Amino acid sequence: MSKYQRVLSLLKNPPLGTGITVKGWVRSIRVGKGVAFIAVNDGSCVTSLQVVLDPGMPGYEEACKIGTGSAVGVEGVLAASPAAGQPVELRAERVTVYGGVDESYPLQKKHHSFEFLRSIAHLRPRANTFGAVFRVRSALSFAIHRFFRERGFVYVHTPIITANDCEGAGELFRVTTLDLADPPRIEGKPDFGRDFFGQATGLAVSGQLEGELLACGLSSIYTFGPTFRAENSNTARHAAEFWMVEPETAFADLADDADLAEDFIRYLCRFALEECAEDMAFFDKQIEPGLIHRIGALADSEFVRMDYTEAIAKLEKASVSFQYPVSWGLDLQTEHERYLTEKVVGGPMFVLNYPKEIKAFYMRQNDDGRTVAAMDLLVPKVGEIIGGSQREERLDLLQARMEQMGIDQAGLSWYLDSRRWGTCPHAGFGLGFERLIMYLTGMENIRDVIPFPRTPGHAEF
RNA sequence: UCCCCAUUAGCUCAGUCGGUAGAGCGGGUGACUGUUAAUCACCAUGUCCGUGGUUCGAGUCCGCGAUGGGGAGCCA
């Protein structure tokens, strides 16, 4: 591979007068009688590099026939641009076409709908919006690791294949090597005892339970990896395969947990604004006017904390009428959450201490006997972005709750052991990574912040 | 899974009262220009999602199906 330079570094620190090579994809070409211009984008930044072709250049005629979307290499000299629109340009001396296009190339130099681009997800990385989305996604992945590393958290890898199906976090995708056409049977049902793992297994819907075990030894841990849910969810914010960040902290309570979540979100907002400035400016201009102000304001503000009980009182006093009933003991519906975060608070908010009947078995029971130490972080537009809790560390109370909820204790004996010996208070949360990216970029559909989204009926690419 | 909406040229869309299909972009040809998703002129392009029905006649009305979108539930 011959040496070449990325557009980003050329624009940042232009080596004027120097011979260089760039490689990328043609965004547009404008051919005139005395001169031609090619905009070349290599995905290193939103901005394309203007390449100037002089008719005296060898191969000029062929170069002028290059279509939008072609992969090219350009050797030439970088020079200050005499025209407005770009500070520098590449005066081409030789153009190499690696891959041309014909008239059937679907990406044109025009606006395309996100619906259409989803149908050509294999080509959309060449579109400005998706270049920006995937660069921000990459940068924020790094930011997540940096945030936790700065705070002494240990990055742990929890299993992707699991035998737990009792976490209450959603439907499992089955993992099996049994012959589906004719599985071994026991009492008419497939005998998973003869499956690969000797029991029924599936893809993990959460790494939380294992994360708790690691925290109860390493003190502060986090996971960051793919998560799978076989739910028939058809919404702009659900996917069957998504990435989740799950920190877990020993000797922490619910207030500590919310503080960590707040610091975390604020850190990520600042990171996006500082480290992804050009892409964020693109989103601010093209996707959601006011985005930069919104993210900046969030980074500088305190997050509101409100008990579930108070939230219910606010909703009962609301002047608007809701489609779903509001009453202590009922879960908050999306319309209620949106009212709270968008109308009552006007920004991100934690709702804390939910009724125990509507939450998972592992959440710590509060002294009032009717609520658990759960929290949801709600943000405008996206809704629930974080869900977390302080975990029940008292063995007797945990077992009693599992008993009440009909959860098999034998299969979770290892989990109960962590409470049996050396138990400690601990808390954690789960952040939907794609929802974070949606919030930071203004993109409104989760299918547009994952390169190749998996949703019901869709596993193409 | 439920509710609502949509499906017309490669893409984005218009199409009146039911009378046999249009624009912009893209493509082709040419002109012109240190151009900026260039501009101008000309040219070509259709299984009107599929299917059944109503009608003299259906892109248009009705039924069924498919696909997509929005909302809801589940949740991150």
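All heavy atoms count here, side chains included; hydrogens, waters and symmetry mates do not. Throughout, protein chains are lettered first and strands after them, A, B, ... in sequence-line order, and every chain is numbered starting at 1. These numbers come from a predicted model, not from an experiment.
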With heavy atoms under 4.0 Å as the rule, sort [X] into base, sugar-phosphate or nothing.
X	result
A:Ile386	sugar-phosphate
A:Val31	base
A:Ala239	base
A:Pro106	nothing
A:Gln323	nothing
A:Ser81	base

What is the separation between atom [atom1] on [X] and atom [atom2] on [N], rounded to the nearest whole Å?
X	N	atom1	atom2	result
A:Gln50	B:rA38	CD	P	11 Å
A:Asp331	B:rC75	CG	C1'	10 Å
A:Arg118	B:rU67	CZ	P	16 Å

Minimum-distance nucleotide (side-chain atoms of [X] versus [options]):
X	options	answer
A:Phe116	B:rU12, B:rU36, B:rA31	B:rU12
A:Arg447	B:rG34, B:rG68, B:rG70	B:rG70
A:Arg91	B:rG34, B:rG70, B:rC74	B:rG34
A:Glu89	B:rG26, B:rC74, B:rG34	B:rG34
A:Tyr324	B:rG34, B:rU1, B:rA72	B:rA72
A:Glu337	B:rC25, B:rC75, B:rU35	B:rC75
A:Lys109	B:rU36, B:rG26, B:rC74	B:rG26
A:Glu115	B:rG68, B:rA76, B:rA72	B:rG68
A:Ser113	B:rC74, B:rU12, B:rU36	B:rU12

For [N], does the base pair up with any side-chain atom of [X] as donor and acceptor (N or O, under 3.5 Å, distance only)?
X	N	value
A:His238	B:rC75	yes
A:Gln108	B:rG27	no
A:His111	B:rC25	no
A:Arg435	B:rC75	yes
A:Ser233	B:rC75	no

Salt bridge check: are [X] and [Y] linked by an N-O gap of less than 4.0 Å?
X	Y	result
A:Arg237	A:Glu434	no
A:Arg118	A:Asp448	yes
A:Arg91	A:Glu89	yes

> Is the A:Phe114 to A:His112 ring centre distance short of 6.0 Å?
Replying inline: no
>> Less than 6.0 angstrom separating the ring centers of A:Phe224 and A:His145, yes or no?
In response: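 Judged by ring-centre distance (under 6.0 Å), A:Phe224 and A:His145 do meet the cut-off.
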>> Minimum heavy-atom separation for A:Pro325 and A:His336, please, with both atom names.
In response: O-CE1, 3.6 Å
>> Under the rule for ring-ring contact (aromatic ring centres under 6.0 Å, His included), what residues qualify as partners of A:Tyr267, not counting sequence neighbours?
In response: A:Phe147
>> Both A:Met244 and A:Ser28 contact RNA chain B. Which one's nearest nucleotide lies toward the 5' end?
In response: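 Checking each residue's closest nucleotide, the 5'-ward one belongs to A:Ser28.
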>> Between A:Asn445 and A:Trp243, which residue's closest nucleotide on RNA chain B lies nearer the 5′ terminus?
In response: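 Its nucleotide being nearer the 5' end, the pick is A:Asn445.
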>> Are B:rA76 and A:Phe242 stacked, with the base six-membered ring and the side-chain ring centres under 5.5 Å apart and planes under 30°?
In response: yes
> Does A:Trp25 offer a backbone N or O that forms a donor-acceptor pair with the side chain of A:Arg126 under 3.5 Å?
Replying inline: no
> Does A:Arg454 use its side chain to pair, donor to acceptor, with the backbone of A:Glu460 at less than 3.5 Å?
Replying inline: yes
> Under a cut-off of 3.5 Å for both distances of each Watson-Crick or G-U pair, what dot-bracket string does RNA chain B give, using [ ] for crossing pairs and | for inter-strand pairs?
Replying inline: (((((((..((((.....[..)))).(((((.......))))).....(((((..]....))))))))))))....
